[in-house]
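First listed ligand is number 1; within each ligand, the first listed atom is number 1.
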Amino acid sequence: MGAIQKEVVCFRQVDKVYNTGTIALSQFDLSIREGEFISFLGPSGCGKSTALRMAAGLGNVTNGKVEVFGQDPKEVIRNTNDIAFVFQDANLLPWRSVLDNVLLPLELRGSDKKARKETAINALEMVGLKDYLKSYPRQLSGGMKMRVSIARALAAKPKMLLMDEPFAALDEMTRQTLQMDLLDIWKKENTSILFVTHNVYEAVYLSSRIAVMSARPGRLSKLIEVDLPYPRERTITRFNEYVEMASKSLEHSMGRRELV
Ligand SMILES: Nc1ncnc2c1ncn2[C@@H]1O[C@H](COP(=O)(O)OP(=O)(O)OP(=O)(O)O)[C@@H](O)[C@H]1O
Ligand SMILES: [Mg+2]
């Protein structure tokens with residue numbers, strides 16, 4: 001842990017064995033710094049979602065330890081709004097309006113009604129949906145639903161945002177727009193983001209670091225520090241060098257080739 005940057009998440013030699021006997025994580029070691037945007041990249045089944053779930057205090061580790069802000073993540077979830085989760089599916093309640101969907105987690109925390117509404121509207125404004133407060137999820141496109149889901153996560157002003165393939169179901173244009181918006185929000189809010197993706201370009205575009213994972217058992221196979229300024233230009237040589245580096249690490253993690 002650096003002297004200047006605080007650590008937000010620490011996976012210390014984590015093993016996760018599900019009750020089916022599947023070893024989802026084995027000796028998984030990773031320390032994530034405050035304000036980082038870190039992507040987990042790896043083949044299907046390598047334990048990316050499991051790692052995120054452990055950071056959210058969902059389920060127990062088999063061996064080792066996960067700490068968030070130096071505490072047990074279950075305690076952080078129980079006592080604060082510091083951790084928020086965005087899933088691949090927007091997971092909106094169809095009978096609630098856009099505004100009411102974003103209000104839901106705030107209602108559960110029981111803050112003042114007027115303040116809650118203001119917070120929810122601000123979050124929706126941040127994702128460009130201020131004109132859709134009264135709409136229902138069925139009236140929105142896939143990208144708009146994902147924006148609502150992101151607004152719902154942001155409304156509680158989390159210190160850490162966990163995102164599990166949030167843009168996987170979206171078309172390329174929508175995905176790229178949301179990627180840009182997410183980076184703007186990340187900068188403005190100074191949140192630490194843990195982001196799962198299968199997409200090498202997405203990982204290089206977004207992340208300050210990429211954790212490449214290998215499957216069976218799920219381990220950290222390489223950490224790539226992406227030393228490119230934001231906003232990133234997808235066409236420059238250095239961007240593509242990082243894409244190639246990440247692709248090679250990914251192939252290596254799948255046992256297809258040796259690292260050069
Ligand atoms: N609740 C569960 N019970 C039993 N096994 C599970 C459970 N959840 C995940 N697994 C297994 O653990 C391994 C890791 O799963 P995980 O969902 O973390 O992978 P992933 O990297 O997120 O994959 P994907 O990219 O397909 O989403 C897989 O072999 C999976 O079958
Ligand atoms: Mg997954």
Side-chain angles (χ1 to χ4, degrees), residues 9-32 36-68 73-74 77 83-92 142 145-146 149-150 152-153 158 160-172 175 178-179 182 192-207 209-224 243 246-257:
V9 186
C10 176
F11 294 92
R12 213 170 289 150
Q13 304 203 313
V14 171
D15 295 336
K16 173 65 183 178
V17 185
Y18 285 106
N19 53 16
T20 50
T22 300
I23 305 169
L25 294 174
S26 171
Q27 296 289 295
F28 188 74
D29 244 324
L30 179 64
S31 164
I32 298 166
E36 263 200 285
F37 194 130
I38 186 159
S39 287
F40 293 82
L41 183 68
S44 186
C46 72
K48 303 181 293 298
S49 297
T50 301
L52 233 59
R53 288 169 54 80
M54 297 297 110
L58 300 165
N60 298 311
V61 300
T62 311
N63 292 304
K65 199 171 184 184
V66 181
E67 280 185 340
V68 174
K74 287 185 200 297
I77 287 276
I83 303 176
F85 220 118
V86 176
F87 298 93
Q88 177 171 350
D89 188 320
N91 269 317
L92 304 178
K145 283 184 205 156
M146 187 46 74
S149 176
I150 294 171
R152 184 178 52 189
M160 179 170 87
L161 191 53
L162 306 170
M163 307 183 87
D164 196 350
E165 300 195 53
F167 307 149
L170 305 175
D171 66 87
E172 191 54 30
R175 176 194 277 254
L178 280 176
Q179 287 169 351
L182 180 62
S192 309
I193 301 184
L194 278 65
F195 188 99
V196 169
T197 181
H198 283 119
N199 187 312
V200 177
Y201 291 88
E202 181 164 76
V204 174
Y205 186 73
L206 295 173
S207 325
R209 273 199 305 169
I210 303 174
V212 183
M213 292 174 66
S214 61
R216 276 171 286 277
R219 291 175 184 273
L220 187 62
S221 88
K222 194 174 165 80
L223 269 172
I224 300 172
V243 168
S247 303
K248 278 186 182 156
S249 304
L250 190 57
E251 285 178 35
H252 175 73
S253 79
M254 291 153 83
R256 293 222 193 109
R257 62 183 292 165

Closest to atom 29 (O) of ligand 1 by heavy-atom distance, out of Ile23, Thr197, Thr22, Asp164, is Thr22
Heavy-atom closest pair (Asn199 atom, Tyr201 atom, distance to 0.1 Å) is OD1-N, 3.0 Å
Under 2.8 Å from the Mg ion (ligand 2), can any N, O or S atom of Ser49 be found?
yes
Closest heavy-atom approach to atom 14 (C) of ligand 1 among Gly218, Ala215, Gly45 is made by Gly45
Contact region, Glu165 to ligand 1, non-hydrogen atoms below 4.0 Å, reads side chain
Closest non-hydrogen atoms of Glu165 and Thr197, given as atom of the first, atom of the second and distance, are CG-CA, 4.3 Å
Atoms of ligand 1 under 4.0 Å from any heavy atom of Ala24, numbered from 1 in the order shown, are 12 (O), 13 (C), 14 (C)
Quiz item: Is the closest protein non-hydrogen atom to atom 31 (O) of ligand 1 under 4.0 Å?
Solution: no
Does Gly42, backbone or side chain, put an N or O under 3.5 Å from an N or O of ligand 1? no
For atom 18 (O) of ligand 1, the closest protein heavy atom turns out to be Thr50 OG1, 2.5 Å
### Query
Less than 3.5 Å between some nitrogen or oxygen of Cys46 and one of ligand 1, yes or no?
yes
For atom 26 (O) of ligand 1, the closest protein heavy atom turns out to be Ser44 OG, 2.5 Å
Taken to the nearest 0.5 Å, the spacing of Leu58 CG from Ile77 CD1 works out to 6.5 Å
Heavy atom of His198 under 4.0 Å from ligand 1?
-> yes
Leu92 and Ser149 have their tightest heavy-atom pair at CD2-N, 4.2 Å
shortest atom 17 (O) of ligand 1-to-protein heavy-atom contact is with Ser49 CB, 3.7 Å
Stepwise side chain to side chain contact (heavy atoms under 4.5 Å, CB included) check, Leu182 with Met163 = CA-CA 11 Å; Leu182 180 62; Met163 307 183 87; 3.7 Å; yes
Is there side-chain contact between Ile83 and Met160, with at least one heavy-atom pair below 4.5 Å? yes
Please check if the number of heavy atoms outside Ile224 that lie under 6.0 Å from its CD1 is greater than 12. yes
Ignoring hydrogens and geometry beyond distance, is a side-chain donor-acceptor pair present between Ser207 and Ser39 at under 3.5 Å? yes
| Polar proximity ligand 1 side, Lys48 side, N/O cut 3.5 Å exclusive | yes
*Where does the angle between the aromatic ring planes of Phe28 and Phe11 fall among parallel (under 30°), tilted (30 to 60°) and perpendicular (over 60°)?*
perpendicular
The protein heavy atom nearest to atom 9 (C) of ligand 1 is Tyr18 CE1, 3.4 Å
